[in-house]
> 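Take a look at the following structure, please.
These figures come from a predicted structure and were not determined experimentally. Just so you know, these numbers use all the heavy atoms, side chains as well, and skip hydrogens, waters and symmetry mates.
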Amino acid sequence: METFPKIISVDDHTVEPPHVWRDRLPSKYRDTGPRIVRAPLKEMTFLGGKFAPVMGAKGDDGPIGDWWVYEDLHRPLTRLDTAVGYDRDEIKLEVITYEQMRPGSFSVPDRLADMDVNHVQSALCFPTFPRFCGQTFTEAKDRELGLLGVRAYNDWMVEEWCGPEARGRLIPLTLVPLWDARLAAAEVRRNAARGVRAVAFSEIPPHLGLPSIHTDDWDPFLQACDETGTVIAMHIGSSSRMPSTSADAPPAVGSTITFANCCFSMVDWLMSGKFERFPNLRIMYAEGQIGWIPYILERANVVWEENRGWGGVADKVHRPPSELFAEHVFGCFFDDAFGLRNLDAIGVANVLYETDYPHSDSTWPKSREVGESQMGHLAPDVVERIVRGNAIDLLGLTGEGLWAGA
């Protein structure tokens with residue numbers, strides 16, 4: 001391509017600096033709130049989609065890493081959290097310290113510099129320690145502390161990560177207390193009042209012990225998103241259960257089928273009736289890729305047409321699922337040549353681009369080259385929509401692709 005549009009990535013990640021909760025929680029929670037401890041690794045496995053690290057005690061043998069400690073949780077920083085800049089064959093499941101990370105993982109100026117290298121203008125970032133929709137706080141015992149932890153993260157995200165230093169190039173994505181839909185609605189509105197247009201949510205809430213979207217339990221939260229124009233962003237793994245096949249399946253199995261939870265989730269939403277009850281709702285699937293979407297839409301339409309009478313949806317889904325998808329759902333990809341070859345069956349208006357910085361799957365620093373290679377058959381105006389135009393419209397960015405609340 002002679003020119004390639006500046007990328008607006010709808011799925012990057014931030015690795016939270018050590019001070020996020022230390023500086024924002026009341027002093028009485030200093031010893032129980034999230035904090036960084038440098039300690040050795042005793043053991044760590046990642047099999048069957050389950051990540052299981054064990055922190056050693058001071059003085060024990062084992063590699064040293066930085067660990068988030070919160071109540072009874074011990075979660076290490078790993079090379080998979082921030083792998084950019086390393087050769088693919090050098091990326092292993094190992095603990096690391098902040099000094100062993102690429103600074104752009106947690107530093108705003110360094111992040112902007114790395115975005116420049118990668119032809120990226122703006123980026124929406126998912127969390128690391130809270131996990132992709134705040135499950136860390138949802139699973140905590142102390143609900144008061146959990147709510148303060150969610151709010152502290154959101155304040156840091158809006159005021160610091162996406163603050164003046166970012167110059168509108170970092171787009172805020174906030175969390176909600178998933179254990180209470182009314183508190184979640186209040187947090188959506190609190191952040192929408194300061195310009196936030198995206199909130200993280202679980203792809204399959206029952207996997208977290210929460211109600212499904214087929215119930216009315218989530219309606220206060222959905223109403224708040226509908227009224228404020230807040231996009232519901234669901235990242236692979238946001239149900240704390242990555243797809244796999246067996247307890248001993250290597251990570252490569254799950255990595256190949258990461259889209260599966262997005263697939264299941266999208267069918268849930270299309271058959272839930274929520275899009276008709278809340279007509280302004282918009283949802284997006286981060287890192288789910290797009291090649292699987294055409295068949296699911298075809299199958300969902302057939303089921304709705306032929307089986308809705310006994311399928312439990314005739315009274316709440318009154319239009320073909322493919323029509324609901326076109327108005328409410330966005331697929332996100334960073335490397336999906338097959339999906340792009342079948343773009344007509346998905347819809348140009350329903351596709352967003354991402355770079356996944358700084359994860360091991362990231363296309364950094366060659367996201368432009370990947371895009372040029374896979375989108376070379378598309379018209380320039382179509383490429384413009386995919387790479388930045390759709391994100392500008394969906395996230396309420398300025399015409400230049402910057403966060404308007406900066």
> For a side-chain contact (heavy atoms from CB on, under 4.5 Å) check, start with the C-alpha distance between F129 and V15, then their side-chain angles and the critical distance, and finish with the verdict.
CA-CA 7 Å; F129 167 71; V15 177; over 6 Å; no
> Counting heavy atoms not belonging to D61, are there more than 12 under 6.0 Å from its CG?
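No, the 6.0 Å shell around CG holds no more than 12 heavy atoms from other groups.
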> Quick one: does any side-chain atom of N191 pair with a main-chain N or O of V196 as donor and acceptor, under 3.5 Å?
no
> Sub-3.5 Å donor-acceptor pair from the side chain of H214 to the main-chain atoms of G273, do we have one?
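Here the side-chain-to-backbone pair does not exist.
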> Applying salt bridge (charged side-chain N to carboxylate O under 4.0 Å, His left out) to D393 and R385, what does each step give before you reach the verdict?
CA-CA 10 Å; D393 293 343; R385 294 305 307 171; 2.6 Å; yes
> Taking all non-hydrogen atoms of both residues, which atom of G149 and which atom of L25 are closest, and how far apart?
N-CD2, 4.1 Å
> Can you pull out every side-chain hydrogen bond (donor to acceptor under 3.5 Å, both in side chains) where at least one residue sits in residues 132-145? Sequence neighbours excluded, please.
Y29-E144, D72-K141, R131-T136, R131-E139, Q135-S240
> May I ask you to check whether Y353 and F334 place their ring centers less than 6.0 Å from one another?
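Ring-ring flag for Y353/F334: false, centres at least 6.0 Å apart.
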> T82: which residues meet the side chain to side chain donor-acceptor pair (under 3.5 Å) condition with it, sequence neighbours left out?
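Partners of T82 by the side chain to side chain donor-acceptor pair (under 3.5 Å) criterion, ordered by chain and then number, come out as S105.
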> May I have all residue pairs that pass salt bridge (charged side-chain N to carboxylate O under 4.0 Å, His left out) and include part of residues 346-367, sequence neighbours excluded?
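Found none.
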> Do the side-chain N and O atoms of S265 and D268 include a donor-acceptor pair separated by under 3.5 angstrom?
no
> What pairs of residues pass the side-chain hydrogen bond (donor to acceptor under 3.5 Å, both in side chains) test when at least one of them lies in residues 165-178, not counting sequence neighbours?
D116-R169
> Are F201 and F221 near enough that their ring centres are under 6.0 Å apart?
yes
> Hydrogens and angles aside, do T128 and D81 bring a side-chain donor and acceptor to less than 3.5 Å of each other?
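Absent: no donor and acceptor within the cut-off.
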> Check P321 against L270 and note the closest heavy-atom contact, atom names and distance.
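Where P321 meets L270 most closely, the heavy atoms are O-CD2, 3.7 Å.
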> Donor-acceptor pair, distance only, cut-off 3.5 Å: does the side chain of W68 make one with the backbone of H74?
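The answer is no, because no donor-acceptor pair under 3.5 Å joins these two groups.
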> Testing W161, Y153, F106 for side-chain contact (heavy atoms from CB on, under 4.5 Å) with E16, which one passes?
Y153
> Is the Lys NZ or Arg CZ of R79 less than 6.0 Å from the centre of Y86's six-membered ring, within 45° of the axis?
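Output yes; distance and angle both within limits.
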> Does this structure show an ion pair linking R24 with E160, if we count only N-O contacts that are shorter than 4.0 Å?
yes
> Could you walk me through whether I296 and C263 satisfy the side-chain contact (heavy atoms from CB on, under 4.5 Å) test, starting with their C-alpha distance in whole Å, then the side-chain angles of each, then the deciding distance to 0.1 Å, before giving a yes or no?
CA-CA 8 Å; I296 292 299; C263 173; 3.4 Å; yes
> Looking at D226 and P279, what are the two nearest heavy atoms and their distance?
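Scanning both residues, the minimum pair turns out to be OD1-N, 3.3 Å.
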> Is it true that D219 and K274 make a salt bridge, defined as a side-chain N closer than 4.0 Å to a carboxylate O?
yes
> Output side-chain donor-acceptor pairs under 3.5 Å for residues 399-406, partner residues at least two apart or in another chain, one line each.
unit_1: E400; atom_1: OE1; unit_2: T398; atom_2: OG1; d: 3.4
unit_1: W403; atom_1: NE1; unit_2: G195; atom_2: O; d: 2.9

> Can you name the side chain to side chain donor-acceptor pair (under 3.5 Å) partners of D23, sequence neighbours left out?
none
> List in chain and number order the residues that pass side chain to side chain donor-acceptor pair (under 3.5 Å) with E71, two or more places apart in sequence or in another chain; answer none if no residue qualifies.
none
> Would you say S362's side chain and T355's backbone share a donor-acceptor pair under 3.5 angstrom?
yes
> Just by distance, do the side chain of W292 and the backbone of G288 share a donor-acceptor pair under 3.5 Å?
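Yes: the side chain of W292 pairs with the backbone of G288.
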> Test your reading of the model: is there a side-chain donor-acceptor pair from S272 to the backbone of W269, 3.5 Å cut-off?
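Looks like yes, one N/O pair under 3.5 Å.
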> Looking only at heavy atoms, which two atoms of A185 and P220 are closest? And how far apart?
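Result for this residue pair: CB-O, 3.3 Å.
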> Does S255 reach the main-chain N or O of P251 with its side chain, forming a donor-acceptor pair under 3.5 Å?
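No.
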> Taking the side chain from S238 and the backbone from E203, do they hold a donor-acceptor pair closer than 3.5 Å?
yes
> Between N301 and E305, do the side chains contain an N or O donor and an N or O acceptor separated by less than 3.5 Å?
no
> Which pairs with one or both residues in residues 90-104 pass side-chain hydrogen bond (donor to acceptor under 3.5 Å, both in side chains), sequence neighbours excluded?
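Non-adjacent pairs meeting side-chain hydrogen bond (donor to acceptor under 3.5 Å, both in side chains): R38-E99, T97-E99, T97-Q100, R102-D114.
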> Please collect all side-chain hydrogen bond (donor to acceptor under 3.5 Å, both in side chains) contacts where either partner lies in residues 325-352, sequence neighbours excluded, each pair once.
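Residue pairs with at least one partner in residues 325-352: R282-H328, R319-E327, D335-Q374.
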> For N118 and V120, indicate whether the former's side chain and the latter's backbone hold a donor-acceptor pair under 3.5 Å.
no
> Compare every heavy atom of R111 with every heavy atom of T14, then report the nearest pair and how far apart it is.
CA-NH2, 4.1 Å
> Taking R151's backbone N and O only, do any of them form a donor-acceptor pair with E187's side chain (distance below 3.5 Å, no angle check)?
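No.
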> Can you tell me if K316 has over 12 outside heavy atoms packed within less than 6.0 Å of its NZ?
yes
> Could I get the full list of ring pair (Phe, Tyr, Trp, His ring centres under 6.0 Å) partners for F137, not counting sequence neighbours?
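Expected list: W21, Y70.
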> Got a sec, which residues hit side chain to side chain donor-acceptor pair (under 3.5 Å) with S107, two or more places apart in sequence or on another chain?
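Testing S107 for side chain to side chain donor-acceptor pair (under 3.5 Å), a comparison that skips the adjacent residues, returns D110.
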> Who are the ring pair (Phe, Tyr, Trp, His ring centres under 6.0 Å) partners of H359, not counting sequence neighbours?
H13
